[in-house]
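Working notes, beginning with the structure itself.
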Amino acid sequence: MEIALLLSKEHSTLPRAEVDAVMDCEGVKYHLKMEQEGLLILDIPHKNPEDLERVIERLSYTHEVFQILLQVDENDLLTEAEKYPWDEIVSSSYAVRVKKMDKKSKLNTSKLEWDLGGIIKSRVSDQVRVNLENPSTFLRVVLKDGQAIAGNQIGKISKKHFFNLKPHKRPFFYPGSMSPKLARCMVNLTRIKKGQALLDPFCGTGGILIEAGMVGARVIGTDIDYKMVNGTKKNLEHCGISNYQVFQEDARKLELPHKVDAIVTDPPYGISASTRGEKSHDLYHQAMKSLQGLIKEDGLLCLATPHYLDLDEILAGTKFKIIEQHHIRMHKSLTRVISLLSLV
Ligand SMILES: C[S@@+](CC[C@H](N)C(=O)[O-])C[C@H]1O[C@@H](n2cnc3c(N)ncnc32)[C@H](O)[C@@H]1O
């Protein structure tokens, strides 16, 4: 089957990288059919609905996923829709929503929704109703580049989750906490699987651990500051995550009884988060030296750093190498660099 993913336009590379990573770790194989700004079309040869459901549940930088039913020139959409067996797709109720993804389309979206809705009505049983609030079948049409792509929505990423878990809405808050969306994406980039162990050695208020816990990882968090340790525990409990181990430790001296499957972390930038007087560069270098012994050989580490730190220099003399990087402009004087590292 072919699916379309409507990606967030918040960032140019992270949404696609996140899709790749989650598909990979959930074992869903695909061929890329089309990639345009905000839209990804994939062909999935062996469909297993549960695998795809798990993928959709994990994503943070994707808005919506639908199974493609028609992909035609936008001027032919209604003619093709007349021929489509809608009774095989639409069950008890339906809604049609059209979204223009660029300025090329001359079509009126409300009129198209009305016309398509009418065609579907004439092809399904009398019991089937239009339900704009909570339809059993949600038909999405996107207009992009003169094409109309119509499909049956199979997943929508809940904005509520990322909104309700914003750092200031948790019981313990401290400035410098990472947004839940980015934290989830970083967790996903490591391809961590349910039941595997993920470590954040600079856990702060626990934002990364919350997202890792929500995708089913066993989470281990440490921080040099006991206030953060207690705060992280509170926040994890608040989010219903009980499979955790959180304790006070300096990331440069950390030891664990077992190696972890992934590390995701956001060390202090030397601005708002405390570095305890240590220069960021030295702190990062020493921490990386200690972390290289704590991660399994095939494990991945996802790290957020400020642009002014030279990661190549930080990693020199460690066993880590950079395999992927994404730059997020925060404001005029700060760009965050998200790096995915593996052991050499
Ligand atoms: C940028 S904050 C982490 C924010 C976190 N991602 C969140 O969402 O809340 C960095 C954390 O590193 C901790 N820290 C500073 N030096 C440390 C060290 N040597 N070892 C462990 N933690 C340290 C600070 O106490 C702070 O909580």
Side-chain angles (χ1 to χ4, degrees), residues 60 161-190 192 198-215 217 219-239 241 244-256 260 262-294 301-309 314 318 328 330-331 334-339:
S60 66
H161 163 75
F162 294 111
F163 181 76
N164 289 346
L165 281 184
K166 280 200 172 192
H168 64 277
K169 298 191 169 184
R170 301 177 196 143
F172 177 72
F173 172 71
Y174 198 80
S177 305
M178 176 172 276
S179 83
K181 242 188 190 183
L182 178 58
R184 170 68 66 90
C185 180
M186 288 176 69
V187 165
N188 279 337
L189 289 180
T190 67
I192 188 89
L198 181 142
L199 165 72
D200 180 356
F202 295 92
C203 70
T205 63
I208 290 168
L209 299 178
I210 291 173
E211 296 307 320
M214 296 222 154
V215 304
V219 298
I220 304 165
T222 58
D223 199 288
I224 202 164
D225 186 340
Y226 78 92
K227 279 200 310 292
M228 299 294 176
V229 170
N230 289 341
T232 284
K233 287 182 185 168
K234 249 191 216 158
N235 285 345
L236 286 169
E237 297 281 348
H238 173 74
C239 296
I241 294 156
Y244 68 79
Q245 233 182 301
V246 177
F247 55 94
Q248 185 177 11
E249 185 53 288
D250 184 327
R252 294 165 294 188
K253 299 182 193 145
L254 185 57
E255 285 179 18
L256 295 174
V260 295
I263 300 176
V264 179
T265 199
D266 168 34
Y269 289 5
I271 308 167
S272 60
S274 151
T275 54
R276 297 266 159 136
E278 196 77 22
K279 277 206 234 125
S280 303
H281 178 279
D282 296 349
L283 168 67
Y284 279 51
H285 179 71
Q286 288 161 19
M288 296 310 283
K289 279 240 162 203
S290 126
L291 296 177
Q292 67 190 9
L294 303 181
L301 185 154
C302 191
L303 177 71
T305 51
H307 69 279
Y308 48 82
L309 284 184
I314 287 167
T318 75
I328 307 175
M330 305 301 291
H331 48 78
L334 178 65
T335 294
R336 241 176 185 170
V337 185
I338 306 299
S339 305

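In each ligand, atom 1 is the first atom listed, and ligand 1 is the first ligand listed. Nothing here was measured: the structure is a model prediction, and the numbers come from that model. Heavy-atom basis, side chains included; hydrogens, waters and symmetry copies ignored.
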Checklist entry - If you count the atoms of ligand 1 from 1 in the order shown, which ones are under 4.0 Å from a heavy atom of Leu283? => result 19 (N)
Checklist entry - Would the number of heavy atoms belonging to other residues, nucleotides or ligands and lying under 6.0 Å from CZ of Phe163 be above 12? => result no
Checklist entry - Taking only heavy atoms of Gly207, which atoms of ligand 1 are found under 4.0 Å from at least one of them? => result 8 (O)
Checklist outcome for this item: ligand 1 to Asp225, heavy atom cutoff 4.0 Å, flagged ligand atoms 25 (O)
Checklist entry - Can you list the atoms of ligand 1 that are under 4.0 Å from a heavy atom of Thr205? => result 7 (C), 8 (O), 9 (O)
Checklist entry - Can an N or O of Arg170 be found at a distance shorter than 3.5 Å from an N or O of ligand 1? => result no
Checklist outcome for this item: Of all heavy-atom pairs linking Ile210 and Ile241, the shortest is O-CD1, 3.3 Å
Checklist outcome for this item: Of all heavy-atom pairs linking Asp223 and Cys203, the shortest is OD2-N, 3.6 Å
Next on the checklist: Testing the basics here: between Thr265 and Met186, what is the closest heavy-atom pair and its distance to 0.1 Å?
Outcome noted: O-CE, 3.7 Å
Checklist outcome for this item: Under 4.0 Å from one or more heavy atoms of Ala251, ligand 1 contributes atoms 18 (C), 20 (N), 21 (C)
Item to check | NZ/Lys169: more than 12 non-hydrogen atoms of other groups inside 6.0 Å | outcome: yes
Item to check | His285 (side chain) donor-acceptor with Ile314 (main chain) under 3.5 angstrom | outcome: yes
Checklist entry - With only distance considered, is Met178 within less than 3.5 Å of ligand 1 through an N or O on each side? => result yes
Next on the checklist: Applying a heavy-atom cut-off of 4.0 Å, say which part of Thr222 lies close to ligand 1: side chain, backbone, both or neither.
Outcome noted: neither
Checklist outcome for this item: Nearest heavy-atom approach of Lys233 to Tyr244 is CG-CE1, 3.9 Å
Next on the checklist: Quick check: closest heavy atoms across Arg252 and Ser290, and the distance to 0.1 Å?
Outcome noted: O-CB, 3.4 Å
Next on the checklist: Show me which atoms of ligand 1 lie under 4.0 Å from any heavy atom of Asp250.
Outcome noted: 18 (C), 19 (N), 20 (N)
Next on the checklist: Between ligand 1 and Pro268, is the shortest N or O to N or O distance under 3.5 Å?
Outcome noted: no
Checklist entry - Which atom pair, heavy atoms only, marks the closest approach of Thr190 to Val187? => result OG1-O, 2.7 Å
Checklist entry - Do any heavy atoms of Cys203 fall under 4.0 Å from ligand 1? => result yes
Item to check | Atom indices of ligand 1, in the order listed, that fall short of 4.0 Å to a heavy atom of Pro201 | outcome: 21 (C), 22 (N)
Checklist entry - Do ligand 1 and Asp266 have nitrogen or oxygen atoms that lie under 3.5 Å from each other? => result yes
Next on the checklist: Tell me the contacting part of Glu249 for ligand 1: side chain, backbone, both, or neither, using a 4.0 Å heavy-atom threshold, strictly below.
Outcome noted: backbone
Checklist outcome for this item: Note: ligand 1 atoms sitting under 4.0 Å from heavy atoms of Met228 are 27 (O)
Item to check | Inter-residue atom distance Ile263.CD1 - Met288.CE, 0.5 Å rounding | outcome: 7.5 Å
